[in-house]
Amino acid sequence: VSAVALIAGCGGSSVRGPANQVPQRLLRSDVESFNRALDLERRSIAAYTAGIPLLQGSDAMAAKQFLSQELAHAGELLGLIRDAGGTAIPRVASYDLGHPRTARQVLALLEMLENRQIAAYVAAIPTLSTGSVRASVASILADDAQHVSILRVALGSTAATSAFVTGRE
Amino acid sequence: LLGRDPTRRELVRHAVSAGGLAGAAVLSPASALAGSSAAQSDAAVIGRLLGLELLVVFTYDHVLASSLISPHARQVLGPLLAQDKAHVGALTAALARLGGTPPPGPADIAQADRYLAGRRVSGRLGQLRGGRDALRLLLAIEHVAEGAYYVSMLTLGDPQLLRLGAEMMASEAQHTTLISLLLHPGVPTQAVPYALVQGRH
C-alpha cells in the first residue's frame, strides 16, 4: 500500500470547532503552519517507508507502528487544512533523505526528522487561531515526542533528555 | 480591576501600588497584563496544572523512597521525577508572573490519595502492593498530566504559556512511554499506542 493512498484516506479529528467562527486572516496563517507541518510529516513518512526494510525485530515493529501514526498525523493535518478552507501543498515526488545503509543510520535519520517535526509544532502552537486547533496539533506533537523516546532507546541514548521538549535537544 | 478589562494605565498604577517603585521600574508589557481577565484566566489554568504537577512529584517521591521498584526502574524514574520538578518550577514562576498564588501540594499520603481519587486515578499510594502496582499508578497520574496539558491548549491565551504547556505536554507523553516500557519491556509498540495523544481528561 502506498503512503499516498493511505494519506488520501485519512480523515480529520473530532475535536475541531467550526472553522467559520475564526477570522479568515488567522485561518490563512494556520493553513501555512499546517502545510509546513504536512511537508515534514510527508518527509518522515517517506523515511519510515524507505527505512523499515533495514530494521529488525522490535525496532521494525515500532517503526511500522510509527509510520501508521505519521500517516494519521498527515490525515489530521489535511483535515485541518480542509476545515480552514485552505489547500494542501502538493506532494513532492521524492525527498533527499541521504543514504542510510545500517539500522543505526536509519534510526538516527528518523530521530532527526521527528525532532524537526516537534520543533515545527512547538513553534506553531502559540500562533494557531483556536484552542481546538492548538489541542489537535499538540496531540500530534506529543505522539512525535514519544516516537523520539523510543528511537533514542533503540539507539542506546537517553530517552527523555529535557523537561521541555522543543525538538532541539 | 475585576469588573472589566483594565486600561494599561490602570494596570501600571495597580502594579506600582502592589509592588512599589522597584516593581514599576521593571514593568514590561507582559507583566502589565497581570490582573487582566485574560491573565486571571491563564493564572487559573496554570494554578490547576501546578497543583497536578505537585501531586505527580509527591507520587514519584513516595514511590522512589519505597523499596517497591527495581534498581533499573529507579534509574529510569529518577530523571522523570527531576523533569516533573522542573515543570513545577516553571509553572510556579509563570504563576508568580501572572500574580497568582501557588496551590499547596499534598501534605501527606492520605491527602495525596484523596487528590488521586479526585483525579479519578484508581491507584492509591497507601495501598501499593509491589513494583508493577507502583508503575501503574505513576502511569495513571502521568496520563492525567498529559490530559491536563492537552486541555490547557484549549484555554490558555498567552503565547509563551501555550509554548511552555506544549513542551511540557510532550515531556509528559515521553514519561508515559518510558513507564510503559518498564511495564512491558521490549514491547515499544505498547508504549506508543495512539497517533493522537490526548491523555486522560
Side-chain angles (χ1 to χ4, degrees), chain A residues 10 13-15 17 57-76 118 121-128 130-154 158-167 169, chain B residues 45 53 76-77 79-91 145-147 149-181 184-199 201:
Chain A
C10 283
S13 162
S14 60
V15 297
S58 62
D59 290 346
M61 293 295 291
K64 284 177 190 168
Q65 181 158 309
F66 295 173
L67 169 59
S68 150
Q69 292 174 343
E70 299 294 354
L71 288 164
H73 297 170
E76 179 75 2
I118 289 169
Y121 288 127
V122 166
I125 283 171
T127 72
L128 297 173
T130 68
S132 60
V133 166
R134 290 193 292 270
S136 291
V137 171
S139 70
I140 299 174
L141 158 69
D143 184 50
D144 285 337
Q146 293 180 323
H147 293 179
V148 166
S149 281
I150 295 294
L151 292 167
R152 284 191 182 140
V153 167
T158 304
T161 54
S162 174
F164 308 97
V165 176
T166 64
E169 293 81 29
Chain B
V45 174
E53 287 281 12
V76 172
L77 296 175
L80 307 192
L81 168 59
Q83 292 180 358
D84 282 320
K85 285 181 175 174
H87 296 170
V88 167
L91 291 167
E146 273 178 349
Y149 284 110
Y150 173 80
V151 170
S152 80
M153 293 293 108
L154 297 166
T155 50
L156 281 173
D158 179 81
Q160 286 183 338
L161 294 177
L162 280 165
R163 184 183 178 111
L164 180 69
E167 290 174 0
M168 292 193 289
M169 178 180 172
S171 167
E172 303 295 5
Q174 291 187 331
H175 294 184
T176 62
T177 288
L178 296 178
I179 297 169
S180 294
L181 270 185
H184 308 284
V187 193
T189 48
Q190 286 212 25
V192 191
Y194 306 113
L196 301 175
V197 174
Q198 300 181 356
H201 56 272

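Each chain gets a letter, A, B and so on, in the order its sequence line appears, and its residues count up from 1. What you see below is based on every heavy atom in this structure, not just the backbone, and it leaves out hydrogens, waters and symmetry mates. All values derive from a computational prediction rather than experimental measurement.
Heavy atoms only, all atoms of each residue included: Tyr150(B) and Ala135(A) are closest at CE1-O, 3.3 Å. Across all their heavy atoms, Ile125(A) and Leu162(B) have their closest contact at CG2-O, 4.3 Å.
Interface check for chain B: of the options Gly167(A), Ala160(A), Ala62(A), the most heavy-atom pairs under 4.5 Å are formed by Ala160(A). Contact count versus chain A (heavy atoms, under 4.5 Å) is highest, among Pro159(B), Ala166(B), Pro188(B), for Pro188(B).
Within the 4.5 angstrom heavy-atom criterion, only side-chain atoms of Val153(A), from C-beta onward, approach chain B. Residue Gln65(A) touches chain B through its side chain alone, counting heavy-atom pairs closer than 4.5 Å. Heavy atoms closer than 4.5 Å to chain A are found in the backbone of Tyr194(B), but not in its side chain. Interface residue Ser162(A): only backbone heavy atoms are found under 4.5 Å from chain B. With a 4.5 angstrom heavy-atom cutoff, Thr158(A) does not touch chain B via any of its atoms. Only the side chain of Leu181(B) comes within less than 4.5 Å of a heavy atom in chain A; its backbone stays farther off.
With sequence neighbours left out, Phe66(A) forms a ring-ring contact (aromatic ring centres under 6.0 Å, His included) with His147(A).
Side chains of Leu77(B) and Ile179(B) form a contact here, defined as non-hydrogen atoms less than 4.5 Å apart.
Listed by first and then second residue, the salt bridge (Lys or Arg N to Asp or Glu O under 4.0 Å) pairs involving residues 162-181 of chain B are Arg163(B)-Glu167(B) (not counting sequence neighbours).
Residues Glu76(A) and His73(A) bring no donor and acceptor atom of their side chains to less than 3.5 Å of each other.
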